[in-house]
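Shown next, in structure tokens, is the structure this report addresses.
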Amino acid sequence: MADLLENARDLRQKLLRLEVLLEIDKGGRSRAWFTSKGAVDRAAAIKRLTETGLVEPAAAPAHFKLTVEGHEFVRDLRAKVGAGRALDWTRADEIDFSRL
């Protein structure tokens with residue numbers, strides 16, 4: 001049971017980091033987005049994404065931007081799960097979520 005709980009927590013953290021990565025990809029997030037409700041979780045997510053080389057600090061208004069590796073990760077993710085088409089999660093096991 002403890003392993004299942006730990007796996008669920010790990011999945012939740014990776015999904016949050018993915019959400020933050022996609023928000024940064026949209027660009028132009030206000031400083032309030034980084035400091036508002038959920039800011040502690042977002043800050044931890046940004047720290048991890050920075051450590052893995054997917055995002056880097058940027059000038060305002062963006063505050064963070066995707067690195068080349070980050071763009072490649074998002075492009076690969078979109079290619080495998082739909083990119084504007086119906087979601088195809090059957091290829092999700094091909095995505096390197098360890099980067100998140």
Side-chain angles (χ1 to χ4, degrees):
M1 185 67 169
D3 288 340
L4 181 60
L5 185 57
E6 184 63 32
N7 288 342
R9 284 186 182 130
D10 184 50
L11 178 60
R12 180 189 169 279
Q13 290 173 346
K14 286 181 179 179
L15 289 173
L16 175 64
R17 290 191 290 259
L18 178 59
E19 178 184 343
V20 169
L21 182 70
L22 294 174
E23 286 295 321
I24 291 172
D25 184 40
K26 288 180 186 176
R29 288 285 156 218
S30 69
R31 189 53 145 176
W33 184 81
F34 295 102
T35 58
S36 64
K37 182 180 177 190
V40 172
D41 290 335
R42 278 194 288 272
I46 290 168
K47 182 179 183 222
R48 168 69 181 176
L49 294 170
T50 302
E51 289 170 354
T52 60
L54 296 176
V55 301
E56 62 188 2
H63 302 288
F64 292 92
K65 66 179 183 176
L66 297 186
T67 61
V68 171
E69 293 85 7
H71 283 289
E72 289 173 2
F73 181 86
V74 170
R75 185 174 38 250
D76 184 55
L77 174 75
R78 289 185 173 135
K80 289 179 178 164
V81 298
R85 302 179 310 272
L87 291 179
D88 179 11
W89 285 104
T90 60
R91 297 189 63 199
D93 62 337
E94 299 173 20
I95 299 166
D96 184 12
F97 285 107
S98 67
R99 300 280 318 262
L100 294 176

Separation of T50 OG1 from E56 CD (nearest 0.5 Å): 9.0 Å
side-chain contact (heavy atoms from CB on, under 4.5 Å) assessment of L21 paired with F64: CA-CA 10 Å; L21 182 70; F64 292 92; over 6 Å; no
Criterion side-chain contact (heavy atoms from CB on, under 4.5 Å) on L77 and L18, from CA distance to verdict: CA-CA 10 Å; L77 174 75; L18 178 59; 3.5 Å; yes
Transitive ILVMFWY side-chain link L22 to V55, under 4.5 Å: yes
NZ (K14) with more than 12 external heavy atoms under 6.0 Å: yes
Heavy-atom side-chain proximity of D76 to D96 below 4.5 angstrom: no
T67 side-chain N/O to G53 backbone N/O, donor-acceptor pair under 3.5 Å: yes
Non-hydrogen side-chain atoms of L100 and T52 separated by less than 4.5 Å: no
Spacing of D10 atom CG and D3 atom CG [to the nearest 0.5 Å]: 12.0 Å
R42 side chain vs V20 backbone, donor-acceptor pair below 3.5 Å: no
Sidechain N-carboxylate O distance under 4.0 Å for R78, D25: yes
Step-by-step side-chain contact (heavy atoms from CB on, under 4.5 Å) determination, D41 to R12: CA-CA 11 Å; D41 290 335; R12 180 189 169 279; 3.5 Å; yes
Value rounded to 0.5 Å, distance of CZ in R48 from CZ in R99: 9.0 Å
